[in-house]
Amino acid sequence: MLDPFGHEVLEDPAEFHATIREAGAVVHLERYDVYAMGRYEHVHAALTDWQGFQSGAGVGLSNFRYEKPWRPPSLLLEADPPRHDAPRTVLTRILGQRALRRLRTQWMDDASELVDSVLAAGPSFDVVTALAAAFPLRVFPDAVGIPRDGRENLLPYGDHLFNAFGPHNDLVAAGAPRVAELSAWVNAQCARDVLTPDGFGARIWAAADHGDITHEQAPLVVRSLLSAGVDTTVHGLAAVLYAFATTPGAWQRLRAEPALARVAFDEAVRWESPVQTFFRTATTDIKVDDTIVPDGKKILMFLGAANRDPRRWPDPDRFDLDRDPSGHVGFGMGIHQCVGQHVARLEAEALLTALAARVSDITLDGSPVRHHNNTLRAWESLPVRVTAE
Ligand code: OVM
């Protein structure tokens, strides 16, 4: 069997995903001694069963029962109830739809300004750097409240973090030389005195003052925002822009009905699954179909395969604005489901709305280049040509 973290699969995982789904509800991968799932039904069930499939032993290949984590574990992602719950409750409130209302107008204006400046430079550009990366980097660090200096470290830190959920392959080795420097910078941004008084970061510290979490937990919760909040949205936005550039009629459909921006983003998260995989650990011997997953073994969940499982999705490989993508597992499912999803959707809505107001057509203008990462489905470059009005 192919290596799920090898370059061949990372370049185009579709065939491998089909093989995993067809092999059964769960299949043992000898190379890593893990149990893999690719069918929607079983991935969904594993994500929802947090008692049987724990996160506290890590959600990457590394098993924290036996191996020391490369960084202090996340209080959200790599924790189980009850310890998971207080930090989760705090972030749910700070990143909730109500709390985001005050950002909406500003982000719509920011998106318009960014799109105007990109279009002013000409009709051909790389939509990854010009928009998919530029927009989150423009609005999200300000919303968290970190200083301007060093923000170029955010994407490399995230890229390494998401590689580190996989095996110690060439991708992890390539990131290793900068780990200490990048981690030191990220950790320094989590301190109370460097954060602006009105951002998500300050609100996390205020929650500590209020007794909702401890002051020791506050910087690690800020770290979760800086870890999970940048690369994911960059590649989610790249996915939706790629979908529009390659799906006939889709852009015209959005232009006719701009309110589709949010469902378009969710459909792109289903279709591309920017976060492709996460692991869980069996807390006891668990029977899945006819296979026993032994206590302590890692379960590799292919979110990207589940999101294109033909058992669940008609014509799954089609980016389809007429389908209801809700229920996809691209944001996870259950108690760990992406706490920042409303932030991501607001970023997507702002950017797509601004672009749809000014651009009547978007097409590929050259060969797109994939960016390989052990966890992320990403683009290095997406050359496009647009027709501006
Ligand atoms: C965290 C974290 C890091 C990476 C991903 C993630 C997708 C969370 O540090 O909490 O969720």
Side-chain angles (χ1 to χ4, degrees), residues 47-48 50-51 53-60 64-65 68-103 139-147 153-154 157-158 161-162 164-165 182-233 275 278 280-281 283 331-346:
L47 284 168
T48 316
W50 57 267
Q51 302 189 76
F53 298 90
Q54 68 160 167
S55 292
V59 298
F64 298 173
R65 288 196 196 180
K68 186 175 143 54
W70 72 273
R71 62 172 200 168
S74 163
L75 300 180
L76 290 118
L77 182 75
E78 297 158 324
D80 299 310
R83 293 183 48 214
H84 158 271
D85 298 341
R88 171 77 190 199
T89 302
V90 164
L91 269 196
T92 301
R93 185 163 30 80
I94 293 172
L95 304 178
Q97 273 174 300
R98 272 186 52 197
L100 297 183
R101 278 196 299 228
R102 44 161 225 121
L103 290 173
V139 297
F140 186 71
D142 280 346
V144 176
I146 64 169
N153 292 324
L154 287 166
Y157 178 80
L161 166 66
F162 282 98
F165 292 124
L182 293 171
S183 301
W185 179 82
V186 164
N187 294 340
Q189 311 312 304
C190 302
R192 182 168 215 164
D193 59 328
V194 313
L195 293 160
T196 57
D198 58 343
F200 299 145
R203 264 169 239 167
I204 290 168
W205 280 99
D209 293 343
H210 191 253
D212 299 334
I213 53 173
T214 68
H215 288 93
E216 289 67 44
Q217 289 175 315
L220 273 174
V221 177
V222 180
R223 193 193 68 178
S224 282
L225 297 186
L226 301 178
S227 300
V230 188
D231 298 66
T232 49
T233 47
V275 175
F278 266 132
R280 292 290 188 262
T281 307
T283 56
F331 285 128
M333 196 51 72
I335 65 165
H336 292 281
Q337 191 184 37
C338 180
V339 73
Q341 59 185 283
H342 304 296
V343 184
R345 286 200 191 95
L346 185 58

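Partners of Arg71 by salt bridge (charged side-chain N to carboxylate O under 4.0 Å, His left out), not counting sequence neighbours: none found. Residues passing the ring pair (Phe, Tyr, Trp, His ring centres under 6.0 Å) test with Phe162, sequence neighbours excluded: Phe165. Scanning for side chain to side chain contact (heavy atoms under 4.5 Å, CB included) contacts around Cys338 gives Phe331, Gln341, with sequence neighbours left out. For Ala344, the side chain to side chain contact (heavy atoms under 4.5 Å, CB included) partners are Thr233, Phe265, not counting sequence neighbours. Applying the side chain to side chain contact (heavy atoms under 4.5 Å, CB included) rule to Val139 yields the partners Trp107, Asp110, Phe135, Glu347; only residues at least two apart in sequence or on another chain are considered. Taking Thr283 as the reference, nothing meets the side-chain hydrogen bond (donor to acceptor under 3.5 Å, both in side chains) condition, with sequence neighbours excluded. The salt bridge (charged side-chain N to carboxylate O under 4.0 Å, His left out) search around Asp85 returns none, not counting sequence neighbours. Applying the side chain to side chain contact (heavy atoms under 4.5 Å, CB included) rule to Thr89 yields no partners; only residues at least two apart in sequence or on another chain are considered. Legend: residues meeting salt bridge (charged side-chain N to carboxylate O under 4.0 Å, His left out) with Arg192, ordered by chain and number and at least two apart, are Asp209.
Here salt bridge (Lys or Arg N to Asp or Glu O under 4.0 Å) pairs that include residues 211-222, with residues two or more places apart or in two chains, are Arg93-Asp212. Sequence neighbours left out, the pairs with a member in residues 198-207 that pass side-chain hydrogen bond (donor to acceptor under 3.5 Å, both in side chains) are Thr196-Asp198.
By the neighbour-count criterion of 12 heavy atoms within 6.0 Å, atom NE2 of His215 is densely surrounded, having more than that number from other residues, nucleotides or ligands. In Arg98, the CZ atom is not crowded: 12 or fewer heavy atoms of neighbouring residues, nucleotides or ligands sit closer than 6.0 Å.
Residues Pro147 and Gln189 share a closest heavy-atom pair of CD-OE1, 3.3 Å. Shortest non-hydrogen contact noted between Leu103 and Ala143 is CD1-CB, 4.3 Å.
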Donor-acceptor pairs are to be reported for all side-chain atoms of residues 72-83 against protein atoms at under 3.5 Å, with residues two or more places apart or in another chain.
residue, atom, partner, partner atom, Å
Ser74, OG, Leu76, N, 3.1
Ser74, OG, Leu77, N, 3.0
Ser74, OG, Ser224, OG, 3.3
Glu78, OE1, Ser74, N, 2.6
Asp80, OD1, Ser55, N, 2.8
Asp80, OD1, Gly56, N, 3.2
Asp80, OD2, Gln54, NE2, 2.8
Asp80, OD2, Gly56, N, 3.0

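The line from CD1 of Ile335 to NE2 of His84 is 5.0 Å long, rounded to the nearest 0.5 Å. How far CZ of Phe140 is from CG of Leu226: 6.5 Å, rounded to the nearest 0.5 Å.
Put simply, the side chain of Gln337 never gets that close to the backbone of Gly334: no donor and acceptor are under 3.5 Å apart.
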